[in-house]
Amino acid sequence: MATWTVILRTVLFFLSLAMLLASLALIAVGFWMRYDDSFDTDLKNVIYQYNDPKTLADAKFNIRVWLIVVFWSIIGLSLGAVVTAVFGMISSVWSKRRGLMITYLVLIIVLVVLEIGSGIAMLIRRNSLHDATNALVNAIYTSNSVNDIKIIQNTYSCCGAQNNIFNVMYCGSMSSLPYCDVAVFNSVDNTMMISGIILLVVLILQIIATIVPVPILISRRKSIKYSYEPAEVSRF
C-alpha cells in the first residue's frame with residue numbers, strides 16, 4: 001500500500017473519530033437540554049402547562065411543536081452522523097473491503113445534503129420562531145397568567161411585550177428592562193445558534209471526509225484493474 005494512501009486512511013480515521021465525538025456530544029447536550037429538570041426548569045413549567053385559556057394554550061402548543069421538531073431533527077441528523085462516522089472508521093482500517101468505503105461515501109454525501117437542507121430550512125423558518133415567541137408572551141400578558149408572568153420576568157429579567165397595552169402595569173414608565181418577547185426570543189435563538197455552531201463544525205468535518213476517500217477509491221480501483229491484467233507471453 002502506497003505511503004500516501006496510508007496517510008489518507010489515517011486522516012479519514014481521525015476525521016471520522018472527531019465527527020463521532022462531536023455528534024455524540026451534540027446528542028448528549030440535546031437530551032440534557034430537553035429532559036434534564038435542572039435546565040430551564042421555570043421555562044419548561046410555562047411551556048408545558050396545559051390548563052390555560054385557548055389563546056395561551058395555542059401559543060404554548062406552537063412553541064412546543066417548534067422545539068420538538070428542531071430537537072428531533074438535530075438528534076436524527078446526529079445519529080446519522082454517528083453511524084456514518086463508524087462506517088468511516090471501519091472503512092479506513094479495513095483496507096481490503098472497497099465496498100465499505102463506497103457505502104461510507106454514499107452515506108456521508110446523503111448526510112451532508114440533508115444537513116445543508118435542514119440548515120437552510122431552519123434559517124427560513126427562523127421568523128416563525130420569532131412570531132411564535134411574540135405570540136406566547138403577548139398571550140401570557142393578555143390572559144393575565146400571573147404565574148407565567150412571574151416566571152418569565154424573573155427568568156429573563158424583562159417586563160411586558162412590545163406594543164402591549166399592559167406594559168405600564170408591569171414595566172412602569174421609567175423601566176430600562178427589555179421586553180419579554182425580545183428576551184425570550186433571544187434566549188431561544190442563542191440556544192439554537194450554539195447547536196447550529198456544533199452542527200457546522202460536524203458539517204465541515206463531513207465535507208472534508210467526503211473528499212478524502214475519493215483518491216483512495218481511485219487508487220484501489222487501479223490496483224485491482226492492474227492485478228487482473230494478463231501477463232504478456234514471451235514468444236521465445
Side-chain angles (χ1 to χ4, degrees), residues 1-36 38-39 66-125 190-231:
M1 187 183 297
T3 304
W4 66 269
T5 305
V6 175
I7 294 173
L8 285 177
R9 286 185 177 276
T10 304
V11 170
L12 178 60
F13 177 85
F14 284 106
L15 278 174
S16 299
L17 178 61
M19 183 171 68
L20 175 64
L21 295 176
S23 301
L24 290 175
L26 188 59
I27 291 173
V29 170
F31 275 102
W32 170 66
M33 291 169 60
R34 178 68 175 82
Y35 293 107
D36 191 344
S38 64
F39 182 83
W66 209 99
L67 294 178
I68 289 171
V69 169
V70 171
F71 169 77
W72 284 111
S73 297
I74 292 174
I75 295 299
L77 290 172
S78 298
L79 288 174
V82 168
V83 173
T84 304
V86 170
F87 261 95
M89 295 171 67
I90 294 174
S91 64
S92 66
V93 174
W94 206 343
S95 59
K96 293 184 179 180
R97 294 290 182 179
R98 186 169 180 264
L100 279 174
M101 189 161 289
I102 293 175
T103 303
Y104 161 75
L105 189 58
V106 171
L107 285 174
I108 199 168
I109 289 173
V110 171
L111 188 62
V112 166
V113 171
L114 287 175
E115 288 176 351
I116 292 174
S118 298
I120 294 172
M122 289 285 290
L123 288 174
I124 293 174
R125 297 288 295 172
N190 288 338
T191 302
M192 299 297 175
M193 190 68 67
I194 293 171
S195 300
I197 290 171
I198 299 175
L199 276 175
L200 181 61
V201 172
V202 175
L203 181 60
I204 291 172
L205 292 174
Q206 289 170 347
I207 292 174
I208 298 172
T210 303
I211 299 170
V212 172
V214 175
I216 299 175
L217 288 171
I218 293 173
S219 174
R220 180 68 177 162
R221 182 179 179 184
K222 287 181 178 179
S223 64
I224 293 173
K225 177 182 177 182
Y226 293 150
S227 65
Y228 282 99
E229 285 183 352

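Counting begins at 1 with the first residue of the sequence. Just so you know, these numbers come straight off a predicted model, no measurement behind them.
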task = Would you check if Y104 and S92 make a side-chain contact, meaning some heavy-atom pair closer than 4.5 Å?
result = no
Throw together a table of side-chain donor-acceptor distances under 3.5 angstrom for residues 196-212, partners on residues two or more places apart or in other chains.
{"from": "Q206", "atom 1": "NE2", "to": "E115", "atom 2": "OE2", "distance (Å)": "3.3"}
{"from": "T210", "atom 1": "OG1", "to": "Q206", "atom 2": "O", "distance (Å)": "2.6"}

query = Just wondering, do I109 and L105 contact through their side chains at under 4.5 Å, heavy atoms?
reply = yes
inquiry  = Go through it in stages, so that I can follow the logic: the residues are L12 and M89, the test is side chain to side chain contact (heavy atoms under 4.5 Å, CB included), and I'd like the CA-CA distance, side-chain angles, deciding distance and then a yes or no.
reply    = CA-CA 7 Å; L12 178 60; M89 295 171 67; over 6 Å; no
ask   = Got a sec, which residues hit side-chain contact (heavy atoms from CB on, under 4.5 Å) with I124, two or more places apart in sequence or on another chain?
value = I120
inquiry  = With a 4.5 Å cut-off on side-chain heavy atoms, are V93 and R9 touching?
reply    = no
ask   = Out of curiosity, T84 OG1 to L107 CG, how far, rounded to the nearest 0.5 Å?
value = 5.0 Å
ask   = Hey, does V82 have a side-chain heavy atom less than 4.5 Å from the side chain of M19?
value = no
request  = Enter the distance from L15:CG to L20:CG here, rounded to the nearest 0.5 Å.
outcome  = 12.5 Å
Atom pairs and distances, donor-acceptor, side-chain atoms in residues 71-81, under 3.5 Å, two or more places apart:
{"from": "S73", "atom 1": "OG", "to": "V69", "atom 2": "O", "distance (Å)": "2.7"}
{"from": "S78", "atom 1": "OG", "to": "I74", "atom 2": "O", "distance (Å)": "2.8"}

